[in-house]
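Order of the sequence lines fixes the chain letters, A, B, ..., with proteins taken first and strands second; residue numbering starts at 1 for each chain. All heavy atoms count here, side chains included; hydrogens, waters and symmetry mates do not.
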Number of protein chains: 2
Amino acid sequence: MTAVLVIEDDADLRRALGINLRARDYKVAMAESGATGLAMAEASPPDLVILDLGLPDMDGTDIISALRAWSRVPILVLSARSGQGDKIDALDAGADDYLTKPFGMGELLARLRAGLRRRVDGIDQPVVQAGSFTVNLAARRIQDGDGQEVHLTPIEWQVLEVLVRNEGRLVSQRELLQEVWGPGYLTETHYLRVYMGHLRRKLEADPANPRHLLTEPGMGYRFIRD
Amino acid sequence: MTAVLVIEDDADLRRALGINLRARDYKVAMAESGATGLAMAEASPPDLVILDLGLPDMDGTDIISALRAWSRVPILVLSARSGQGDKIDALDAGADDYLTKPFGMGELLARLRAGLRRRVDGIDQPVVQAGSFTVNLAARRIQDGDGQEVHLTPIEWQVLEVLVRNEGRLVSQRELLQEVWGPGYLTETHYLRVYMGHLRRKLEADPANPRHLLTEPGMGYRFIRD
DNA sequence: GGGCGCCGTAGGGATTCCGTAAAGATCGGG
DNA sequence: CCCGATCTTTACGGAATCCCTACGGCGCCC
């Protein structure tokens, strides 16, 4: 059954959404605040998130970013603010759709169906275990094989995150440079050599013979769990 | 470069869209009617479609259905009609987003970025099973008959990719050389002999009697699954 | 039968690419 | 202002890959 997480502080709207979604046989989870919503998403990853931007405890785009740190789940934003700027900020933070209150329940359900239709079956899990080490994408923490915390610098983390989120897939050098350094550094491949070396020394049991952070000469790098 | 197809009959709006999209470095194609739009999409598949529902020659949902018959390209619908029913129909026909006129150009571009972002995350995993081996083009991964990972060099990948994309069809030597080595090497057919040999040795159960990577003497090569 | 064109295989040298270490450069905090 | 952490840049040995040549096999036509 399809699981939908609703993060909404208005009790009336929350109840209305719950009734309508359950009537269509969705499995619904509810959160009243951003913090609990994020915790619930990590505890039990949903197939789609309906998020109210006007929550009291957290900024809306921060919630989106926190989700996007580890998940590609479709995010449908509800908001009372109809300005263009708010929509652009939310969409660029990673939201998939933006619905301005007041909205019709029929339209909401149609946009929800559209979001679910193109659901991807990727690695939507907050923690990825890789033989010798463990990556917690949601908390941005890493543990060594001995349970020791490993400290990564910002760039090291960004490189690792791109690779882990594309587990098994070859990530080209251009793609990595684009994601981490931006479009002006697409040819600076020696950066990658340096930072892949750092990551291997910190994470691999035998940095000279990596088992998880692999090089594909002339093409790019690949992360595999085992 | 990202290719966007705009299907819009209003000349003013079409021009405005063209200017804004090209300014953001999108490659823009334009159609004034549904029929030509569908033809252009088939001739040169875009990365995203912007579709006006109020075209004179065809019903909007029919255009969406026709596209969805063969493509999962993101479709962003523009419409002057703001009723819930129209939106629901379009979204359930397969559209990804629905924008009511008049709309802000900033919001349109943000929704366009949201649609394109999903494409990069890659729904399509073209996995081709070929008797003795399995090719995953998106992940750049190959498994042998025994489930063993097979490593290919960049040029080996390029050659194989061209052949697999043209599964069943004869690919001429000129075409292969053009795609992989570029226009300056159209007569260096011995390169092909060398690299086809590499591929067969790595992928075929009996490299001397290939069953999937076939030679058509004097013409070119052909990939077949079985 | 022999020449010829086409294909497959092998291997060596040149070139490109990668890993590693380490020295400046830059930035932020105390 | 100094110091530590981080990022950038350079240099070099070694590995992977590519280009190119050589040689043998096969089928075809004269």
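Of the possible donor and acceptor atoms, one in the side chain of A/R68 sits under 3.5 Å from a partner among the backbone N and O of A/S71.
For B/E175, the side chain to side chain contact (heavy atoms under 4.5 Å, CB included) partners at least two apart in sequence or on another chain are B/R169, B/V171, B/S172. With sequence neighbours left out, B/M105 forms a side chain to side chain contact (heavy atoms under 4.5 Å, CB included) with B/L17, B/N20, B/L108, B/L109. Applying the side chain to side chain contact (heavy atoms under 4.5 Å, CB included) rule to B/E216 yields the partners B/L170, B/M219, B/R222; only residues at least two apart in sequence or on another chain are considered.
Ion pair B/E107/A/K87 flagged as a salt bridge, since at least one NZ, NE, NH1 or NH2 atom sits closer than 4.0 Å to an Asp/Glu carboxylate oxygen. A salt bridge does not link B/K27 to B/D47: none of the charged nitrogens lies less than 4.0 Å from a carboxylate oxygen. Classification of A/E179 and A/R174 as a salt-bridged pair fails, no side-chain N sitting under 4.0 Å from a carboxylate O. In summary, A/D96 and A/R111 do not engage in a salt bridge, as defined by a charged side-chain N under 4.0 Å from a carboxylate O. We find that A/E32 and A/R14 are joined by a salt bridge, their nearest charged nitrogen and carboxylate oxygen being less than 4.0 Å apart.
When rounded to the nearest whole Å, the span between CG of B/L214 and P of C/dC7 equals 14 Å. Counting to the nearest Å, the C1' atom of C/dT20 and the OH atom of A/Y191 are 17 Å from each other. Nucleotide C/dC17 holds its P atom 13 Å from the CG atom of A/L192, rounded to whole Å. Between the CZ atom of B/R200 and the P atom of C/dT9 there is a distance of 7 Å, given to the nearest Å. Counting to the nearest Å, the C1' atom of C/dG19 and the CE atom of A/M196 are 11 Å from each other. Straight-line distance from the CG atom of A/L177 to the P atom of D/dT8: 11 Å, rounded to whole Å. Rounding to whole angstrom units, CD of residue B/E188 and C1' of C/dG8 are separated by 18 Å. Here D/dT8 presents its P atom at 10 Å from CD of A/Q158, a figure rounded to the nearest Å.
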Report each atom pair, protein N/O against N/O of nucleotides 25-30 of chain D, whose distance is under 3.5 angstrom.
none

Do any N or O atoms of the protein come closer than 3.5 Å to N or O atoms of nucleotides 16-18 of chain D, and which pairs are they?
residue	atom	partner	partner atom	Å
D/dT17	OP1	B/H151	NE2	2.7
D/dC18	OP1	B/I155	N	3.0
D/dC18	OP2	B/T153	OG1	2.7
D/dC18	O5'	B/Y195	OH	3.4

Report all interatomic pairs (protein N or O, nucleotide N or O of nucleotides 27-30 of chain C) with separations under 3.5 Å.
none

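Residue contacts shown for A/Y221 are limited to sugar-phosphate atoms, with no base heavy atom under 4.0 Å away.
Considering only side-chain atoms of B/V194, the nucleotide from D/dT9, D/dT21, C/dG8 that sits closest is D/dT21. The nucleotide whose nearest atom lies closest to any side-chain atom of B/T215 is, among C/dG8, D/dT9, C/dC18, C/dG8. The A/R201 side chain lies nearest to C/dA21 when the options are C/dC18, C/dA21, C/dC7.
At least one side-chain nitrogen or oxygen of B/Q173 sits closer than 4.0 Å to the OP1 or OP2 atom of C/dC7. Look at B/R193 and you won't find any side-chain N or O under 4.0 angstrom from OP1 or OP2 of C/dG8.
Partner A/R200 forms a side chain to side chain donor-acceptor pair (under 3.5 Å) with one of A/T215, A/N209, A/D206 and no other, that one being A/T215.
From A/L213, atom CG reaches atom NE2 of A/H198 across 13.5 Å, with rounding to the nearest 0.5 Å.
Counting heavy atoms of neighbouring residues, nucleotides and ligands inside a 6.0 Å radius, atom CZ of A/R141 does not exceed 12 of them.
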